[in-house]
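Remarks on the structure that follows.
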Amino acid sequence: MEPLVARLHSVLFDLDGTLVDTNIDFALMKREMTSLALDTGVAEEALAGLDILGIARAAAAHVGLTQGPPQTEKLYSRALSILEDIEMRHARDTRPIPFAKE
């Protein structure tokens, strides 16, 4: 039988917390998405249990229903831009996890 290493074509790592510590403020991301969703008229109860992207999708879907499909993409794009901005601000302080290189 061929060794496992010979059969591998690629290896995938979860970057944050596995190879580097980015210190991304996920709580801030969730607050920002919740605020965005509430501002669009989504009921707070509808957001319970949703993750960050789920909240953004719920807001976009709500806008699509109330303002029309073209607004869905516009709002979702805005949400992703907010998340990217938060991620990039926190990425400045990225540090390698000890022994990640090894």
Side-chain angles (χ1 to χ4, degrees):
M1 174 177 238
E2 185 178 23
L4 176 62
V5 175
R7 293 181 285 161
L8 291 177
H9 297 284
S10 61
V11 177
L12 203 59
F13 288 97
D14 171 28
L15 182 67
D16 190 36
T18 302
L19 298 176
V20 297
D21 186 4
T22 58
N23 297 310
I24 294 172
D25 191 342
F26 292 105
L28 173 62
M29 289 177 151
K30 190 161 189 173
R31 284 193 309 272
E32 289 291 326
M33 291 303 99
T34 299
S35 177
L36 180 69
L38 295 175
D39 288 348
T40 66
V42 176
E44 192 167 358
E45 319 65 81
L47 304 176
L50 296 178
D51 63 14
I52 294 166
L53 291 176
I55 295 169
R57 285 190 292 271
H62 181 77
V63 165
L65 290 172
T66 59
Q67 299 177 24
Q71 296 304 317
T72 299
E73 187 174 332
K74 186 175 181 178
L75 184 92
Y76 194 67
S77 178
R78 181 172 157 219
L80 293 180
S81 179
I82 291 168
L83 294 174
E84 182 179 348
D85 180 59
I86 293 169
E87 191 166 347
M88 293 307 292
R89 280 184 302 187
H90 289 90
R92 291 185 189 120
D93 296 326
T94 297
R95 289 178 177 66
I97 295 287
F99 306 107
K101 186 176 180 179
E102 291 82 8

Counting C-beta onward and ignoring hydrogens, is there a side-chain heavy-atom pair between [X] and [Y] closer than 4.5 Å?
{"X": "L38", "Y": "L47", "answer": "yes"}
{"X": "I82", "Y": "M33", "answer": "yes"}
{"X": "T66", "Y": "T40", "answer": "no"}

- Consider only side-chain heavy atoms of I, L, V, M, F, W and Y, link residues closer than 4.5 Å, and tell whether V42 and L65 are in one cluster.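 They do not share one cluster, since no chain of ILVMFWY contacts under 4.5 Å joins V42 to L65.
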- Would you please name every residue forming a salt bridge (Lys or Arg N to Asp or Glu O under 4.0 Å) with D51, sequence neighbours left out?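 For D51, no residue satisfies salt bridge (Lys or Arg N to Asp or Glu O under 4.0 Å) once neighbours in sequence are set aside.
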- Task: Under the side-chain contact (heavy atoms from CB on, under 4.5 Å) rule, what do L50 and T34 come out as? Steps first, then yes or no, please.
- Result: CA-CA 10 Å; L50 296 178; T34 299; over 6 Å; no
- Spacing of CZ belonging to R78 relative to CD belonging to Q71, to within rounding of 0.5 Å: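 So the CZ of R78 and the CD of Q71 are separated by 11.0 Å.
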- Query: Is the number of heavy atoms from other residues, nucleotides or ligands under 6.0 Å of Q67 CD greater than 12?
  - Reply: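 Yes, because the 6.0 Å sphere around CD of Q67 holds more than 12 heavy atoms from other groups.
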[X] and [Y]: which non-hydrogen atoms are nearest, and at how many Å?
{"X": "L36", "Y": "A79", "result": "CD2-CB, 3.6 Å"}
{"X": "H90", "Y": "N23", "result": "CD2-O, 3.2 Å"}
{"X": "L83", "Y": "I52", "result": "CD2-CG2, 3.6 Å"}
{"X": "L53", "Y": "Y76", "result": "CD2-OH, 4.1 Å"}

- Between K30 and I55, is there a donor-acceptor pair closer than 3.5 Å when you use the side chain of the first and the backbone of the second?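 Not a single qualifying donor-acceptor pair exists.
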- Item | S81 side-chain N/O to S77 backbone N/O, donor-acceptor pair under 3.5 Å |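 It does not hold such a pair.
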- Positive for side chain to side chain contact (heavy atoms under 4.5 Å, CB included) with D85, one of M88, R89, E87: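 Between D85 and the candidates, side chain to side chain contact (heavy atoms under 4.5 Å, CB included) is satisfied uniquely by R89.
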